[in-house]
Structure formats: C-alpha cells, structure tokens
There are 2 protein chains.
Amino acid sequence: MAAVDLATHPGHLARRLQQAHYLLWNTMVSEETTSPQYAVLNALVAEPGLDQRTVGERVGLDRSTIAEVVSRLGRRGLLDKVRDPQDGRRSLLRLTDEGLRVHRRLGVRIARMNQVFLAPLAADEQAVFIDLIRRVADAAEGLRNPAEPTAAPG
Amino acid sequence: MAAVDLATHPGHLARRLQQAHYLLWNTMVSEETTSPQYAVLNALVAEPGLDQRTVGERVGLDRSTIAEVVSRLGRRGLLDKVRDPQDGRRSLLRLTDEGLRVHRRLGVRIARMNQVFLAPLAADEQAVFIDLIRRVADAAEGLRNPAEPTAAPG
DNA sequence: AATCTTTCGTAGGTGCACTGACGATACATG
DNA sequence: CATGTATCGTCAGTGCACCTACGAAAGATT
C-alpha cells in the first residue's frame, strides 16, 4: 500500500483552509452575501463604473464566474449594470445605495471574523502566513497567462 | 470611500490559493481525476472497506459532497460500493484494480506538482507554510463540532 | 414489543469555479 | 471599405461544497 499523508499536501490544506473560512464567514459575517460577492462590492467601492471583466480580474474570478456573481448582486439590487456607450462589448458596473450600505455594514464583521480566523497564530506568524500565501498564489497566477508570445521564446 | 485591500484578507487569499492549486492540478496532474477525488482514493488505499461517511470525514467532505464524489468515482469504475450487512445504513467502499492503478499513477505527478506549487518559497518557508495552514484549518475545524454538550459549559 | 432518538445516505436547492463554444462588438490590416 | 482578429459577455456542461429535509435502519428507553 502506498497511501500518502494528505496533511503534507499543500493543495489539500488549501482546500481545507478555504472550507474553514467559508464556514466562519457563514456564521460570523453573513448568510446572504458571500465572500466573493463582498470582494466584488469592494472592488466597485474603490473604482465605481468599472467594467465587468476588469472587476473579475481584480477579485480573481474568470468571465463566467464574475457573470454569475454580478447577476446575483444585481438581482438583489446591490449594483446596476449598463452597456458602455463607448464600447458595446463592455458592461459597466456601479453600486446602488443599498450595495454601499451592505458593503459598509459587513466591514466590521469581517474584521472580527479575520481575528478569529487567525487567532491560532501569534501576531508575527499571522504576517508570515499572509505573506507566504500571497507569494504562492501570485506565482501560480503567473502560470495562467503564459507570457504573451510577442517574441517567441527559444 | 471605505474600500479595503483584499490582499490582507486571509479568506480572500485562501480562495486564490485554492484556485491556483486547482489550475496547477488540472495542467500537471490530471484533467479527469480531481484533487478531492484523489483524496478519496488515497483514504481507501490506506483503509479499504471504510464506510462512506468516515471516508468523507477523513478527507474533509460532508455527507452530501462525499456522496457525489463517490458516485462519480463509482461511475468511472474506480471503486465498489456495497451495503454493510452488519449495519444497513452504511455504504462500504473499496477500490477496484483500476482505482488502485489510477491512485498509483497520479502519485508521481502530484509530487512534481507540489514542487512547482511551493517553488516560490525557500525550503524552510515551505515547512512553515504547511504548519501555519494546518493550524488555522484545524482550529476552524474545531468550531464545526461545538464540543458535545455532555456537560453544559458555563 | 412499541416508541423515541440517532445515524447514514439521498434529494433538492444555492453558490463558486473552470472549460469550451458562440454571437456581438471593436479594432487592425489589407 | 472589406476581411480578419481580438475582446467581452453569455450559455451549456462539469464538479466541489454547503444547507435543509427526508426515509431507512439501528440503538436506546420505556
């Protein structure tokens, strides 16, 4: 038998980490608004009127997924979606007052939740944790767009 | 405007980390067999004849999710599923020869993939990375089963 | 033996995430 | 100006992950 200890597999741990966060979010932040939905709201607070695809890029969602998330937020009246008059392909997004309200209201709860989430780690470990995850995630992100073949590499 | 930097939110990073891993798995390990599916195969290599619910517990999947994953693996002929004669509620799972073959074949690729995944980190950082993620995930796992109320806590 | 209570699996519903394909629009080249 | 290419959004399909609710089976209590 060649069974392996999954506890040493970063991918398996990443999945469990995300499940843990999902659970905590659901109990401590909101049952209606999910974490990806909040990320979209947040991106639109920072840059109102952004087009749908760019919002997806900002928060790490592909075109299919951002379309669904935006659709749900629109159905709940948290954002408006209009065609760009300058470029008929684009959909421009903008939060409604209700969307702004929801975003503001969740801020406090998210801060509390993050504290609980990271509570098992000492303060300096928390900083390391953030740094390491970001570096790994960013690196793999780079493999996604395999360096435009403007000049074919040898 | 009260927009926040998501790069400091562990939950958001956890999601991006998992997406990164998904992408890498899909390109470097397998397009047919997913990471959760492999986890199930692995659990059954270690303990053949385990019941469905326990397998789910071992790999971190709830009853609904493990049912779907098992169903897919069964449809592909990678495992057999029989009712426990001793306990008619349980489904006992066992890998087929093909299931064993798939598990064995993926092992090498997964090792390679893990190296690439963790490549952005130095060797000592990789160990810290694993340790920190596991501690955070395990702690949140504990919040799931809120300590049986055998003796009501004060 | 008859009645709770718990446990296991399943079914239905929601939501994220990816792929591949398609139509519409925009842009670039000839 | 016409053709070709790239981009944006959408649609269909697959898969993970959760919740609630339900029936079947097992165990505990009376």
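In what follows, every chain begins at residue 1, and chains take the letters A, B, ... in the order their sequences are listed. In this text, all values refer to a predicted model and were calculated from it rather than measured experimentally. These values consider heavy atoms only, across backbone and side chains, with no hydrogens, waters or symmetry-generated copies.
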Legend entry - Nearest heavy atoms of A/Ala39 and B/Leu6, plus distance in Å: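 The pair with the smallest heavy-atom distance is CB-CD1, 3.6 Å.
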
Inset, instruction - Over all heavy atoms of both residues, which pair between A/Leu17 and B/Ala14 is shortest? Give the atoms and the distance, please. - result: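 A/Leu17 and B/Ala14 have their closest heavy atoms at CD2-CB, 3.7 Å.
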
Can you tell which of [options] lies closest to the side chain of [X]?
X       : options                : value
A/Gln37 : C/dG9, C/dG15, D/dA24  : C/dG15
B/Gln19 : C/dA17, D/dA17, D/dC18 : C/dA17
A/Thr34 : C/dG15, C/dG9, D/dG9   : C/dG15

Interatomic distance, [X] [atom1] vs [N] [atom2] [rounded to whole Å]:
X       : N      : atom1 : atom2 : answer
B/Arg53 : C/dC8  : CZ    : C1'   : 8 Å
B/Ile66 : C/dC8  : CD1   : P     : 13 Å
A/Asp62 : D/dG13 : CG    : C1'   : 14 Å
B/Leu93 : C/dT10 : CG    : P     : 10 Å
B/Arg83 : D/dA25 : CZ    : P     : 8 Å
A/Arg90 : D/dA6  : CZ    : C1'   : 12 Å
B/Arg89 : D/dA25 : CZ    : C1'   : 6 Å
A/Asn26 : D/dC19 : CG    : P     : 7 Å

Inset, instruction - Tell me which of B/Thr65 and A/Asp87 sits closer to the 5' end of DNA chain D, going by the nucleotide each one is nearest to. - result: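 Comparing both residues, the 5'-ward one is A/Asp87.
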
Inset, instruction - Please state whether the rings of B/Phe117 and B/His21 are parallel, tilted or perpendicular, taking 30° and 60° as the class boundaries. - result: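 Aromatic pair B/Phe117/B/His21 classed perpendicular.
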
Legend entry - Closest-nucleotide 5' rank along DNA chain C - winner of A/Arg75 and A/Asp84: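 It is A/Arg75 whose nearest nucleotide is closer to the 5' end.
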
Legend entry - Which residue lies more 5' along DNA chain C, comparing B/Glu68 with A/Leu61 via nearest heavy atoms: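 It is B/Glu68 whose nearest nucleotide is closer to the 5' end.
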
Inset, instruction - State whether B/Gln86 places a side-chain N or O below 4.0 Å from either non-bridging phosphate oxygen (OP1 or OP2) of D/dA25. - result: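 Checking D/dA25 against B/Gln86, no side-chain N or O comes under 4.0 Å of OP1 or OP2.
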
Inset, instruction - Return no unless some side-chain N or O of A/Lys81 is found under 4.0 Å from OP1 or OP2 of D/dT10. - result: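 Yes, within the criterion.
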
Inset, instruction - For the residue pair A/Arg58 and A/Thr54, confirm or rule out a side-chain donor-acceptor distance under 3.5 Å. - result: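 Distance-only check fails for A/Arg58 and A/Thr54.
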
Inset, instruction - Classify the nucleic acid contact of A/Arg63 as base, sugar-phosphate or nothing, counting any heavy atom under 4.0 Å across all strands shown. - result: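 The residue A/Arg63 makes base contact.
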
Inset, instruction - Give a yes or no on whether a salt bridge exists between B/Arg135 and A/Glu125, defined as a side-chain N under 4.0 angstrom from a carboxylate O. - result: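 Yes, charged N to carboxylate O under 4.0 Å.
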
Inset, instruction - Classify the side chain of A/Ser64 versus the base of D/dC11 as yes if they form a donor-acceptor pair under 3.5 Å and no if they do not. - result: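 Donor-acceptor pair under 3.5 Å: yes.
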
